[in-house]
*Asks:* 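Structure incoming, see below.
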Amino acid sequence: MHLVLEGYDAVHKKSTGRPYVFMPYSAKTPTSLKNYSEDLTAFLKEYPTTNLADLSYTLQKGRASFNNRNFALYKNSGEMTEVSSIQNKNTITTANKNSNVVFMFPGQGNQYFAMAKDLYKAEPIFKEILDEGFNILLEITGESYKEILGYNETAADEDKINNTLYTQPILFLVEYALATYLIKLGITPKNMIGHSLGEYTAACIANVFSLKDGLKLITKRAKLMSDIESGTMVAVGVSSNKINALLDDSLSIAAINSPDSCIISGNDTSITSFAETLAEKEIPYSILKTSHAFHSEMMDVMLADFEKEFEHITLSEPTIPFISNLTGKTITKTEAISPTYWSRHLRETVRFADGLQELLQTPNTVFIEVGPGKSMRSFYKQLSKDAKHTIVGLMRHPKEQFNDNLYFTDALATLWNTGIKIDWEVYYTNEDRYKIAAPTYNFDKHTFEVEVDVHNSIANHTSMNNGVLPYEKWYHERKWKTALLPKQEEVENTSNYIVFSDETALTSELIPSLLTDGNNVIEVVKGDVFAKISDEKFTVRANSKEDIMFLFDSLKQENKHFNGIIYNWKLEGAKQAEITQVFTCLLYTSDAADEED
């Protein structure tokens, strides 16, 4: 016989994976989580050649997710380089698996050259969505928006992206691609909000119009705005109510982003005069770098032409709720499919603060800034007073020098940390990953002092006549007790229970249920002294036989008999003496019940 063997081809070693990976780990207690972190660090020191991408995959797919969570970020370069989290700061998080997810889409002014370029190279699904949009824009305009964004390797004009004509379609497309990728990963919003242009992204994600129709609208909107005379916008550090008296017909409140600030828009001459007035009154302000006076009377000339563009667009009712900039409330179905609404939207005030306040009313919300920069996070911090909410950004600010992939990977890890479930099958669609050996769960450890020699105690155990029992009788002794069977008619439907309650959710549900069924309940809870709180409630010391005897004597004197005892005191403490108090009290209860019988 001849046997031909082929060597194992470790194909997974050829797949390097993403530039950055994160190692998620979780536990049922903070102590166990801390210990696991130490185990993971020790493991990587002991096995420095570990494939980090496979280890990340193993921890993501092969481990249960508990409420106490943390993660470690690593540069996947083969050098075992750990990096600090940008947004989570590596703090332990208690996950909330019922979080309410909200997508936030920033508006014009947050764009920058080559934004998300690293993601485009490393995330195939994101790239596929963007490429679809680039092809549509090439078909509509005849221009390569991929080149304008700086994704080609050839030299490009880095300032071209700041031209409104190109800014709006590119910003819309990048935000759409990010949001669609998140949804494919299983991160679906329950609500959305966009700032000015960002509301178009929200509408497209909500299926009010298709990606192709959305890009048609945005390119037309951008072209009409570009043809308008230039204007100026100024941010003012007081509320819109206080600034109204200083405005004339040529000036408009373009946006209200917080209760204590607003944006004023108008022609260059009017804004210059307005700025002088602000300086005289010592009102803080700053001139914004914009090409036009958006959301002002200067937009009036384009409204009819823009509304006419909707004749070629199919509008549908939204499938996901989103906030209207015009009202600060959830957009209605009628508004979403009205061309007039969208023309008013580009002219009237952006009531972003009202909209965000509406969303902040829902507890345990995770806000995700789906787009470049930090403007949404800045507005959120000005308005949010509830530490229970969380906000996470997917893209860096242009002044930050982080790699786009590091920023995005850190954002995903932070979302997982908060309790958001991620579809890892989709995440690894374009990678061949393998589960490998990794540290397992690190259980909490308790020390139990051995206070007796168990073997000697058993060997020296004697019967009532001081004779050593045979081995087969060490663990039991037969006893018979004479009792009369109760007559059927004497059996009562009502039962009387003594419930040793730890006042947790279980007994809080159990006792009312027993009472509802017509039973009588005596509740016994732990206390510092024996005391009768009411006819139906007593306190006893957990380790006191005397208190237990007082309890049963009191019940006997009050002629209160019982059919059953429900013992529900939980084990507490790290030492043997503390934990065994529960068993000791159970023995005292058993003795007292025997005497009662």
Side-chain angles (χ1 to χ4, degrees), residues 73 84-91 93 96 99-112 115-116 119 171 174-176 178-179 181-182 187 189-199 201-202 205 235 237 255-263 286 288-289 322-323 325 328 350-420:
L73 274 170
S84 298
S85 172
I86 301 166
Q87 300 184 68
N88 189 62
K89 305 304 179 186
N90 285 328
T91 56
T93 302
N96 186 335
S99 295
N100 177 65
V101 174
V102 171
F103 284 2
M104 307 174 77
F105 300 102
Q108 189 169 345
N110 293 280
Q111 74 283 345
Y112 53 91
M115 58 183 176
L119 270 185
L171 189 59
V174 169
E175 292 177 356
Y176 173 85
L178 275 175
Y181 185 26
L182 286 188
I187 306 172
K190 291 184 179 178
N191 214 323
M192 297 181 286
I193 186 171
H195 192 284
S196 189
L197 177 70
E199 189 172 327
T201 313
I205 294 298
I256 302 173
N257 298 324
S258 76
D260 301 319
S261 67
C262 60
I263 307 293
S286 62
L288 302 180
K289 293 180 179 180
F322 62 92
I323 299 295
N325 282 173
V350 175
R351 301 188 178 280
F352 188 81
D354 291 341
L356 186 52
Q357 287 283 21
E358 179 84 1
L359 294 172
L360 287 169
Q361 303 307 309
T362 304
N364 299 317
T365 297
V366 177
F367 293 90
I368 306 176
E369 184 166 13
V370 188
K374 293 183 174 181
S375 62
M376 299 294 97
R377 280 171 278 180
S378 175
F379 299 150
Y380 165 86
K381 289 176 182 177
Q382 294 178 54
L383 290 169
S384 176
K385 307 299 180 184
D386 189 350
K388 291 183 180 179
H389 295 313
T390 305
I391 187 163
V392 178
L394 301 181
M395 290 177 62
R396 62 181 176 86
H397 188 275
K399 292 184 179 180
E400 293 179 307
Q401 299 303 309
F402 301 111
N403 181 285
D404 295 330
N405 293 300
L406 170 61
Y407 210 94
F408 185 76
T409 302
D410 179 59
L412 278 186
T414 304
L415 289 172
W416 175 86
N417 236 28
T418 66
I420 302 299

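None of the values given here were measured: they were computed from a predicted structure. Residue indices begin at 1 and follow the sequence shown.
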*Asks:* Could you walk me through whether Thr201 and Val370 pass the side chain to side chain contact (heavy atoms under 4.5 Å, CB included) check?
*Replies:* CA-CA 10 Å; Thr201 313; Val370 188; over 6 Å; no
*Asks:* As an exercise, state the distance from CD1 of Ile86 to CZ of Phe408, rounded to the nearest 0.5 Å.
*Replies:*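 So the gap between those two atoms works out to 12.5 Å.
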*Asks:* Enter the distance from Met192:CE to Leu359:CG here, rounded to the nearest 0.5 Å.
*Replies:*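 One gets 11.0 Å once the value is rounded to the nearest 0.5 Å.
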*Asks:* Would you name the heavy atoms of Gly393 and Arg377 that are closest together and state the gap between them?
*Replies:*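 Scanning both residues, the minimum pair turns out to be CA-CZ, 3.6 Å.
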*Asks:* Going from NE2 on His397 to NZ on Lys374, what distance comes out if it is rounded to the nearest 0.5 angstrom?
*Replies:*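 Going from NE2 on His397 over to NZ on Lys374, the span is 7.5 Å.
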*Asks:* Which residues pass the side chain to side chain contact (heavy atoms under 4.5 Å, CB included) test with Ser261, not counting sequence neighbours?
*Replies:*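 Ser261: side chain to side chain contact (heavy atoms under 4.5 Å, CB included) contacts with Ser258, Gln382.
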*Asks:* How long is the straight-line distance from CG of Leu119 back to CG of Leu406, given to the nearest 0.5 Å?
*Replies:*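 Leu406 CG to Leu119 CG: 10.5 Å, rounded to 0.5 Å.
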*Asks:* Sub-3.5 Å donor-acceptor pair from the side chain of Glu358 to the main-chain atoms of Ile323, do we have one?
*Replies:*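 Checked: no pair found.
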*Asks:* Between Ile391 and Met104, is any pair of side-chain heavy atoms under 4.5 Å apart?
*Replies:*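 Contact flag for Ile391/Met104 side chains = yes.
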*Asks:* Taking the side chain as C-beta and beyond, is there a heavy-atom pair between Leu383 and Leu360 under 4.5 Å?
*Replies:*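 A side-chain contact under 4.5 Å exists here.
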*Asks:* Check whether any side-chain heavy atom of Arg396 sits under 4.5 Å from a side-chain heavy atom of Asp404, and report yes or no.
*Replies:*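 In contact.
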*Asks:* Is the closest side-chain heavy-atom distance between Asn96 and Val366 below 4.5 Å?
*Replies:*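 The answer is no; the side chains never approach within 4.5 Å.
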*Asks:* Say whether Asn100 and Thr362, considering side chains only, have a donor N or O and an acceptor N or O under 3.5 Å apart.
*Replies:*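 Result is no, nothing qualifies.
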*Asks:* Taking the side chain as everything from C-beta on, heavy atoms only, tell me whether Thr390 gets closer than 4.5 Å to Asn417.
*Replies:*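 No, every pair of side-chain atoms sits at 4.5 Å or beyond.
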*Asks:* Measure the shortest side-chain to side-chain distance between Val174 and Met395 over non-hydrogen atoms and say whether it is less than 4.5 angstrom.
*Replies:*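 Touching, per the 4.5 Å side-chain cut-off.
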*Asks:* Quick one: pull up CG in Leu394 and CG in Leu415 and give me the separation to the nearest 0.5 Å.
*Replies:*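 Rounded to the nearest 0.5 Å, the CG-CG separation comes to 7.0 Å.
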*Asks:* Is any side-chain heavy atom of Gln87 less than 4.5 Å from a side-chain heavy atom of Tyr407?
*Replies:*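 The answer is yes, as the side chains (C-beta and beyond) meet within the 4.5 Å cut-off.
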*Asks:* Short question: side chain of Glu175, backbone of Phe105 - any donor-acceptor pair under 3.5 Å?
*Replies:*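 Not confirmed, Glu175 side chain does not pair with Phe105 backbone.
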*Asks:* Using a 3.5 Å distance criterion without hydrogens, assess whether the side chain of Asn257 forms a donor-acceptor pair with backbone atoms of Phe352.
*Replies:*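 Side chain of Asn257 to backbone of Phe352, a donor-acceptor pair under 3.5 Å: no, none is there.
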*Asks:* Mind checking whether His389 and Tyr380 have parallel, tilted or perpendicular rings, split at 30° and 60°?
*Replies:*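 If you compare the ring of His389 with that of Tyr380, the planes turn out perpendicular.
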*Asks:* Say whether, by atom type as modelled, one donor and one acceptor occur between the side chain of Asp410 and the main chain of Ser85 under 3.5 angstrom.
*Replies:*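 Not a single qualifying donor-acceptor pair exists.
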*Asks:* I want to check something: taking the side chain as every heavy atom from C-beta on, are Leu356 and Ser384 in contact at a cut-off of under 4.5 Å?
*Replies:*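 They are not in side-chain contact.
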*Asks:* I'd like to know if the side chain of Thr409 reaches the main chain of Asn405, judged simply by a donor and an acceptor atom lying under 3.5 Å from each other, with no hydrogens or angles considered.
*Replies:*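 The answer is yes, because a donor-acceptor pair under 3.5 Å joins these two groups.
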*Asks:* Can you tell me how far OG1 of Thr414 sits from CD1 of Ile420, rounded to the nearest 0.5 angstrom?
*Replies:*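 Nearest 0.5 Å value for the CD1-OG1 distance: 11.5 Å.
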